[in-house]
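A short worksheet on the structure shown next.
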Amino acid sequence: MPTKPKAPAAPPLAAPDTTTGIETLTPPGGELHQQADGEPTQLTTNQGVPIGDNQNSLKAGARGPVLLQDFILREKIMHFDHERIPERVVHARGSAAHGFFECLEDCSDITTADFLQRPGERIPVFTRFSTVAGNKGSMDLARDVRGFAVKFYTQQGNFDLVGNNIPVFFIQDAIKFPDLIHAAKQDPDREFPQAQTAHDTFWDYISLTPESMHMIMWIMSDRTIPRSYRMMEGFGVHTFRLVNAQGQSTFVKFHWRPKLNSQSVVWDEALKINGADPDFHRRDLWEAIDTGDFPEWEFCLQTFSQEQADALPFDVLDATKIIPEEVIPLRVVGRMVLDRNPDNFFAETEQVAYCASHVVPGIDFTNDPLLQGRLFSYQDTQLKRLGSANFHQIPINQPRCPFHNLQRDGHMQMAVPKGQVNYEPSSLGEDIKRESQASGYRTFPNLETGEQLRVRPETFADHYSQARQFFLSQTEPERDHIVAALIFELSKCNVARVRTAMLARLINIDESLAARVAAGLGVKDPIVPAPAPVPAQDLELSPALSILAKAAPGLKGRKIGALVTDGVDDALLDDLKAAVEAAGAKLAIIAPTITGVTTAGGQLIPADFRVDGGPSVLFDAVAILPSDEGGAALALEATAVNFVRDAFGHLKVIAYLPAAAPLFVKGGLSDANPDADTGLINLPTKAVSDFIAAAEAGRVWAREPLVRKVF
Ligand code: HDD
């Protein structure tokens with residue numbers, strides 16, 4: 001067994017201050033409540049009573065009735081009956097990891113936030129990624145926004161940055177959120193479709209919600225089918241406020257930038273990954289961390305003043321808008337590394353309670369009406385989910401700094417607060433902690449005036465300009481994918497009005513977009529634009545909005561699949577493995593049996609996957625390396641033929657030996673032309689290094705028109 005690499009040497013994480021005498025919750029206070037030292041020597045009940053037989057219930061006679069007095073049976077079953085808690089109403093399916101945040105730059109010029117003051121200092125974080133619409137047991141590769149929630153355990157309390165992998169949102173006001181989510185999730189009468197927006201109710205709602213058009217461009221792009229959680233950007237979405245020691249406020253948008261760059265799969269591949277490995281993303285995150293390949297993100301601030309905000313052509317309180325990086329650049333002030341998998345999914349990933357209202361001194365809110373609604377929603381939902389106002393006492397939710405107040409009691413109180421005094425002002429209870437104006441959280445004293453109105457500001461009225469900017473800032477393959485995604489989704493809508501209404505919106509974003517989607521839907525009638533009180537402006541394009549324009553060549557963190565048979569060439573396989581690993585990727589062996597293959601030189605190479613369990617959708621590039629007899633035998637396996645056909649169809653780089661010819665013929669790829677296709681690497685002619693270089697360059701976009709109709 002290879003030994004597990006250890007986390008890089010790091011300065012110790014800031015530990016809770018134990019010198020203040022303030023109680024923290026681990027371990028619980030009071031001698032009575034100390035856990036006994038040492039591991040129990042045998043299975044016990046929850047009361048610590050040793051269990052003699054965990055297989056048979058207590059009966060009156062060997063074949064007689066079970067007795068009610070069997071407290072061991074009743075305790076075990078009662079606990080089992082209560083194992084489930086309500087799943088999150090959105091973001092139910094997720095995966096999380098522990099790690100650290102390291103400050104890289106002193107930010108005292110703009111914020112007093114303690115974790116952004118001292119370069120080199122690290123604090124713990126717990127980060128959960130999720131899909132939004134699907135239930136807890138749904139598949140990972142749904143076309144969906146991904147949640148990107150980070151709990152920073154700072155020395156001044158927990159800061160939760162509850163963001164997404166997309167920097168804008170569907171709606172501008174939180175009062176619309178329940179309707180949006182009802183429309184997106186399964187239909188209430190039949191409880192399907194699961195984990196997808198490709199249905200009438202979602203598109204009906206969207207067609208009637210023009211403010212969602214910018215978000216629609218993002219969710220129809222490849223951002224919603226990421227290759228890995230490790231390869232996603234993250235965004236705080238709203239405009240927040242930073243406040244420095246002088247009380248000055250600076251607006252900020254929070255960004256996470258992955259070290260591995262943003263990467264996505266293609267749609268047909270996503271559909272097939274969901275069948276091949278519904279846990280594709282959670283497995284990928286788990287395995288990367290487990291093998292020491294720790295994912296990392298830069299933490300960036302996009303800061304701006306009131307004057308800069310006033311000069312922008314939209315309102316910074318509108319969560320359907322971005323500020324292009326070209327207009328206000330990002331300042332990299334920290335990094336996050338995830339280096340430890342949870343010990344227990346339920347205790348940590350399921351019970352972690354992120355709240356948008358959890359901020360720390362130096363970070364404050366703005367009047368964004370979407371953010372304001374969120375400030376209520378998260379605490380409320382945690383009460384429902386976790387069952388008690390004491391949810392902050394669950395270990396994953398506890399601050400890592402001392403905390404103390406006079407809140408008491410409630411369901412599942414875990415602490416044992418001492419003393420007679422649980423109120424203040426009080427003249428008794430000398431040791432209770434008091435408020436401090438000097439160091440306490442201070443809300444920025446923003447001047448607010450105005451009538452009480454239920455209205456949307458006029459500055460929120462432009463719904464199309466940034467949607468157009470996003471669409472036109474994409475590279476050609478990315479625009480093609482937005483068109484294809486809209487055609488796919490709208491083709492799943494049975495109600496013709498919904499399709500027509502969407503075309504009437506799309507034409508306000510870009511005429512060619514609407515025309516192409518109409519062609520893909522087979523709509524021949526002219527498209528009548530929906531009323532657009534503020535027509536789309538031509539904003540400066542922003543290449544930073546494109547994944548492909550920013551892509552850097554490389555295979556780090558990727559997976560290469562080699563389909564082999566008995567008789568595979570030893571030297572070739574060794575070269576391939578060495579080259580793949582040197583590029584920072586991992587090689588997986590796919591073989592006709594899980595025991596593996598015997599090479600031409602007589603070595604037994606164990607397989608990672610049997611051919612039907614390791615389709616090419618699980619890999620970023622593939623090598624087809626059968627022996628002469630092996631190639632002919634594989635051509636009789638539909639899964640091996642599909643391996644090659646799908647790798648080609650998903651625009652992957654394929655290295656192959658001449659012995660793979662029967663697979664290409666059976667897969668309908670006999671006319672694939674290695675002279676014209678940079679992704680076909682004929683190994684006797686070309687070298688393993690050519691394969692690696694081609695795979696590092698990414699998918700072969702030029703092949704796309706050969707494998708599907710581009711409207
Ligand atoms: Fe939300 C969960 C992100 C708008 C109400 N949200 C949740 C999670 C993420 C986000 C990442 C999962 C946290 C976890 O892993 O436990 N939500 C966002 C973003 C939004 C947003 C980036 C817009 C910018 N959310 C939003 C609104 C509301 C909510 C407008 C309600 C008015 N969100 C919730 C919630 C959830 C939640 C119901 C479900 C489970 C939970 O909170 O803990 O309160």
Side-chain angles (χ1 to χ4, degrees), residues 85-98 125-136 144-152 158-185 209 211-212 214-215 218-219 223-224 226 229 232-240 253-256 281-282 285 316-322 338 342 345-358 365-366 368-387 391-392 394 396-397:
I85 62 172
E87 67 174 35
R88 289 165 172 86
V89 60
V90 281
H91 297 265
R93 180 167 178 84
S95 245
H98 296 271
V125 294
F126 189 68
T127 299
R128 182 173 181 271
F129 305 106
S130 47
T131 50
V132 179
N135 290 357
K136 198 167 176 295
D144 201 353
V145 183
R146 298 300 184 286
F148 192 130
V150 182
K151 192 177 280 293
F152 297 76
N158 289 351
F159 168 45
D160 293 349
L161 185 53
V162 198
N164 280 341
N165 74 331
I166 287 179
V168 288
F169 204 63
F170 294 94
I171 48 173
Q172 297 170 320
D173 191 314
I175 200 166
K176 294 171 79 72
F177 189 70
D179 296 296
L180 164 73
I181 299 304
H182 285 172
K185 290 194 76 138
T209 310
E211 71 206 58
S212 65
H214 187 196
M215 181 69 165
W218 284 82
I219 65 166
R223 301 255 176 180
T224 43
Y229 287 142
M232 294 188 324
E233 294 179 3
F235 304 91
V237 181
H238 311 281
T239 298
F240 288 83
K253 282 186 178 266
F254 296 110
H255 296 243
W256 294 105
H281 281 152
R282 52 170 57 176
L285 181 68
V316 298
L317 301 184
D318 173 357
T320 67
K321 303 294 186 297
I322 55 150
L338 299 181
F345 186 92
F346 182 85
E348 301 180 279
T349 310
E350 195 59 17
Q351 293 201 110
V352 65
Y354 297 96
C355 294
S357 56
H358 288 171
F365 313 117
T366 59
D368 173 343
L370 190 73
L371 173 60
Q372 291 287 325
R374 294 180 71 196
L375 301 183
F376 164 73
S377 185
Y378 290 72
Q379 273 199 323
D380 188 41
T381 210
Q382 309 311 349
L383 271 180
K384 171 75 184 170
R385 246 173 25 87
L386 301 169
F391 69 81
H392 64 284
I394 296 171
I396 195 67
N397 295 324

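Since the model is a prediction, treat every value here as computed from it, not as a measurement. Numbering of ligands and ligand atoms starts at 1, following listing order.
When atom types are taken as modelled, the side chain of K151 and the backbone of A353 share a donor-acceptor pair closer than 3.5 angstrom.
When only modelled atom types and interatomic distance are considered, H91 and R128 share no side-chain donor-acceptor pair under 3.5 Å.
No heavy atom of G94 sits closer than 4.0 Å to any atom of ligand 1.
Close approach to H238 involves these atoms of ligand 1, each under 4.0 Å from a residue heavy atom: 24 (C). Within the listing of ligand 1, atoms 11 (C) sit less than 4.0 angstrom from a heavy atom of F148. Near G163, meaning under 4.0 Å from one of its heavy atoms, ligand 1 places the atoms 3 (C), 11 (C), 22 (C). Close approach of ligand 1 to V237 is summarised as follows: ligand atoms under 4.0 Å from at least one heavy atom of the residue are 22 (C), 24 (C). Residue-ligand proximity, R88 to ligand 1, at heavy-atom distances under 4.0 Å covers atoms 14 (C), 16 (O), 40 (C). Which parts of ligand 1 touch Q382 is read off a 4.0 Å heavy-atom cut-off, strictly below it: atoms 41 (C), 43 (O). Short contacts between ligand 1 and V89, defined as distances under 4.0 Å to a heavy atom of the residue, involve ligand atoms 38 (C).
The local environment of CD1 in I175 is sparse, with at most 12 non-hydrogen atoms from other residues, nucleotides or ligands closer than 6.0 Å. The local environment of CZ in F376 is sparse, with at most 12 non-hydrogen atoms from other residues, nucleotides or ligands closer than 6.0 Å.
Shortest contact from atom 7 (C) of ligand 1 to any protein heavy atom: H91 CD2, 3.2 Å. What sits closest to atom 37 (C) of ligand 1 on the protein, heavy atoms only, is Y378 CE2, 3.3 Å. Looking only at heavy atoms of the protein, atom 44 (O) of ligand 1 is closest to S377 OG, 3.1 Å. The nearest heavy-atom contact from the protein to atom 31 (C) of ligand 1 is F177 CD2, 3.2 Å. Given atom 41 (C) of ligand 1, the protein heavy atom at minimum distance is T381 CG2, 3.4 Å. With respect to atom 15 (O) of ligand 1, the closest heavy atom belonging to the protein is R128 NH1, 2.6 Å. Atom 13 (C) of ligand 1 has Y354 CD1, 3.9 Å as its closest protein atom, hydrogens excluded (heavy atom only). F169 CD1, 3.4 Å is the protein heavy atom nearest to atom 23 (C) of ligand 1.
Annotation: the span from L370 atom CG to L375 atom CG amounts to 10.0 Å, rounded to 0.5 Å. Here CG of L285 is found 8.0 Å from OH of Y229. Values are rounded to the nearest 0.5 Å.
Ring pair F129/F148: centre-to-centre distance below 6.0 Å.
Considering only non-hydrogen atoms, atom 19 (C) of ligand 1 lies nearest to R374 out of M215, R374, Q372, E87.
Stacking of K253 on the aromatic ring of F235 is not recorded, the 6.0 Å distance cut-off and the 45° axial limit not both being met.
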